[in-house]
Amino acid sequence: MSGSPHSPAALHAPVLEWYAANARVLPWREPDAGAWAVMVSEFMLQQTPVNRVLPAYRAWLERWPKPIDLAAEPPGEAVRAWDRLGYPRRALRLHAAAQAIVERHSGEVPDDHEALLALPGVGTYTAAAIASFAFGQRHAVVDTNVRRVLARALTGVAQPTISPTAADQRLAMSALPADEPTAARWAVASMELGALICTARAPRCDDCPIRSQCAWVLAGSPPYDGPPRRGQTYEGTDRQVRGRLLAVLRAAAGAVPKKALDACWHDAAQRERALDGLVADGLVEPLSRARYRLPG
DNA sequence: TACCCGTGGCT
DNA sequence: TAGCCAAGGGT
């Protein structure tokens with residue numbers, strides 16, 4: 001059952017042993033963290049690196065230790081506390097999710113996968129992550145790290161496909177240990193391997209516990225030969241303008257005169273489009289044509 | 001499906 | 001330096 005290359009089961013023991021010895025100490029992994037802490041961390045970690053999440057995470061849980069504490073606040077306070085983590089719609093969704101938890105689940109983060117998936121801002125990955133990390137359930141937890149580890153170790157290519165696919169989910173399911181607690185440890189361990197060793201740019205294969213079984217290494221570590229990845233341009237985009245507008249509103253105690261927002265960006269047409277977009281998203285509340293604030 | 005959505009560190 | 005990349009979700 002073990003030992004042959006490309007055999008998922010052969011990966012389990014070395015990866016689990018490696019994790020036991022090398023896992024980072026992170027607050028949401030503490031035994032007493034609780035499901036709400038795991039959920040907050042997962043929202044913040046959607047596209048934002050661990051090191052930048054840590055301070056915001058600590059402040060958030062100190063201020064709102066339970067879902068009902070956040071649900072009682074206006075959504076604008078969540079946006080303000082989100083600080084500069086990026087993608088502030090996540091703050092709005094986390095606030096809405098907290099309200100849904102209070103209304104539908106008596107204030108407790110549900111342990112049911114379908115119930116989690118029905119919460120705002122919770123997609124396939126986040127639902128599986130909360131169910132696995134917080135409740136020890138058996139789910140394929142497929143993020144960009146896991147997709148990369150499986151692409152290399154089992155498929156033998158340098159990088160996974162650009163977008164997540166159903167094939168990724170099937171591959172992750174096939175690699176999942178049958179036993180529930182082992183599956184939960186495998187989920188976090190394989191993700192950590194992707195974050196620390198099997199990294200996107202300069203993988204540390206010399207330190208990898210499964211290098212002797214890795215299909216990509218065994219194939220001679222061939223370079224990526226798929227379609228070119230679309231770079232994310234940022235300078236001059238609406239996203240940059242939105243970020244500037246929201247930064248002004250976050251820094252202000254209350255409402256902000258439109259004149260202060262107008263100073264954020266030179267191009268009036270783009271500025272108005274960005275502001276309208278923020279209002280449409282519920283991130284900004286217009287009090288009049290001349291005054292704006294974070295949503296109350 | 002492809003695109004939109006922030007921010008900043010790293011190589 | 002300028003891209004590249006980061007525990008995705010919604011539409």
Side-chain angles (χ1 to χ4, degrees), chain A residues 19 23-24 26-29 37-57 79 82-94 96-97 116-134 139-149 158-166 168-169 172 187-196 198-204 224 227-250 264-265 273-274 276-278 280-284:
Chain A
Y19 182 75
R24 289 170 290 181
L26 297 170
W28 46 86
R29 288 181 181 166
V38 171
M39 181 169 163
V40 170
S41 77
E42 290 304 334
F43 270 71
M44 291 185 169
L45 288 164
Q46 290 170 3
Q47 301 287 284
T48 302
V50 167
N51 285 341
R52 231 163 2 107
V53 161
L54 282 169
Y57 165 88
V79 174
W82 200 252
D83 197 37
R84 311 194 73 164
L85 291 180
Y87 293 145
R89 292 190 292 191
R90 290 181 292 163
L92 231 40
R93 294 185 185 129
L94 181 52
L116 287 165
L117 204 48
L119 297 173
V122 177
T124 306
Y125 162 77
T126 302
I130 296 171
S132 179
F133 301 162
H139 294 280
V141 184
V142 185
D143 75 328
T144 187
N145 290 305
V146 169
R147 294 203 320 118
R148 189 173 55 248
V149 168
Q159 299 288 347
T161 54
I162 293 174
S163 296
T165 63
D168 295 333
Q169 288 289 330
V188 69
S190 56
M191 188 176 307
E192 188 80 336
L193 187 68
L196 298 183
C198 194
T199 54
R201 260 177 286 189
R204 300 162 52 196
Y224 176 71
R229 306 193 166 231
R230 296 187 62 92
Q232 319 170 337
T233 56
Y234 183 63
E235 278 301 312
T237 62
D238 285 7
R239 292 155 83 175
Q240 183 181 23
V241 184
R242 286 167 60 106
R244 291 223 186 152
L245 293 169
L246 214 50
V248 171
L249 289 156
R250 275 198 311 265
C264 288
W265 196 252
R273 185 172 67 239
D276 288 347
L278 288 170
D281 287 345
L283 284 162
V284 173

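All heavy atoms count here, side chains included; hydrogens, waters and symmetry mates do not. Chain naming here is simple, since letters A, B, ... match the order of the sequence lines and numbering starts at 1 in each.
Separation of atoms CD (Gln46(A)) and OH (Tyr87(A)) is listed at 11.0 Å; rounding is to 0.5 Å.
Counting non-hydrogen atoms under 4.0 angstrom, Leu26(A) reaches a base of the nucleic acid. Note on Gln232(A): a base of the nucleic acid sits closer than 4.0 angstrom, heavy atoms only. Counting non-hydrogen atoms under 4.0 angstrom, Arg201(A) reaches a base of the nucleic acid. Across all strands, Trp28(A) comes closer than 4.0 Å to base atoms (heavy-atom distances). Backbone-only contact: Thr126(A) has heavy atoms under 4.0 Å from sugar-phosphate atoms and none from a base. Nucleic acid contact class of Arg250(A) (heavy atoms, under 4.0 Å, all strands): sugar-phosphate only. Gly86(A) comes within 4.0 angstrom of a base, heavy atoms only. Within 4.0 Å (heavy atoms only), Leu246(A) reaches no atom of the nucleic acid at all. As judged by a 4.0 angstrom heavy-atom cut-off over every strand, Arg24(A) is placed among the base-contacting residues. Across all strands, Ala129(A) comes closer than 4.0 Å to no nucleic acid atom at all (heavy-atom distances). In this structure, Thr199(A) reaches neither bases nor backbone, as no heavy-atom distance under 4.0 Å exists between it and the strands shown. At the heavy-atom level, Pro88(A) lies under 4.0 Å from the strands shown only through sugar-phosphate atoms. Residue contacts shown for Tyr234(A) include a base, since a base heavy atom lies under 4.0 Å away.
Checked against dG9(B), dA7(C), dT7(B), the side chain of Arg84(A) finds its nearest nucleotide in dT7(B). Here dC5(B) is the nucleotide among dC5(B), dC3(B), dA7(C) with the atom lying nearest to any side-chain atom of Arg242(A). Nearest to the side-chain atoms of Arg52(A) among the listed nucleotides dG8(C), dG8(B), dC5(B) stands dG8(B). In this structure, the nucleotide among dA7(C), dC5(B), dG8(C) sitting nearest to the side chain of Gln46(A) is dG8(C). The Met191(A) side chain lies nearest to dA7(C) when the options are dC5(B), dA6(C), dA7(C). Here the nucleotide nearest the side chain of Arg89(A), chosen from dT7(B), dC5(B), dG10(C), is dC5(B).
Atom P of nucleotide dG10(C) and atom OH of Tyr87(A) are separated by 14 Å, given to the nearest angstrom. In this structure, the CZ atom of Phe43(A) is 20 Å from the P atom of dC5(B), given to the nearest Å. Rounded to whole Å, atom P of dC5(C) lies 15 Å from atom CG of Asp143(A). When the P atom of dT11(C) is taken as reference, atom CG of Asp281(A) falls 10 Å away, rounded to whole Å. Summarising the geometry, the separation between CE on Met44(A) and C1' on dG8(B) is reported as 17 Å, rounded to the nearest angstrom.
The residue among Gln47(A) and Arg230(A) whose nearest nucleotide of DNA chain B is located toward the 5' end is Arg230(A). Comparing Leu117(A) and Ala195(A) against DNA chain C, the residue whose closest nucleotide sits nearer the 5' end is Ala195(A).
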CA sep, side-chain torsions, deciding dist, call: Glu42(A), Arg90(A), salt bridge (charged side-chain N to carboxylate O under 4.0 Å, His left out): CA-CA 10 Å; Glu42(A) 290 304 334; Arg90(A) 290 181 292 163; over 6 Å; no

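For Glu235(A) and dA2(C), a side-chain-to-base donor-acceptor distance below 3.5 Å is absent, hydrogens and geometry of angles not being considered. Side-chain N/O atoms of Thr124(A) and base N/O atoms of dG8(C) include no donor-acceptor pair closer than 3.5 Å.
For the pair Asn145(A)/Cys198(A), no side-chain contact is recorded, criterion being any heavy-atom separation below 4.5 Å from C-beta on.
The shortest non-hydrogen separation linking Ala195(A) to Arg148(A) is N-NH2, 4.5 Å.
Judged by a 6.0 Å distance limit and a 45° cone about the ring axis, Arg229(A) is positioned over the six-membered ring of Tyr224(A).
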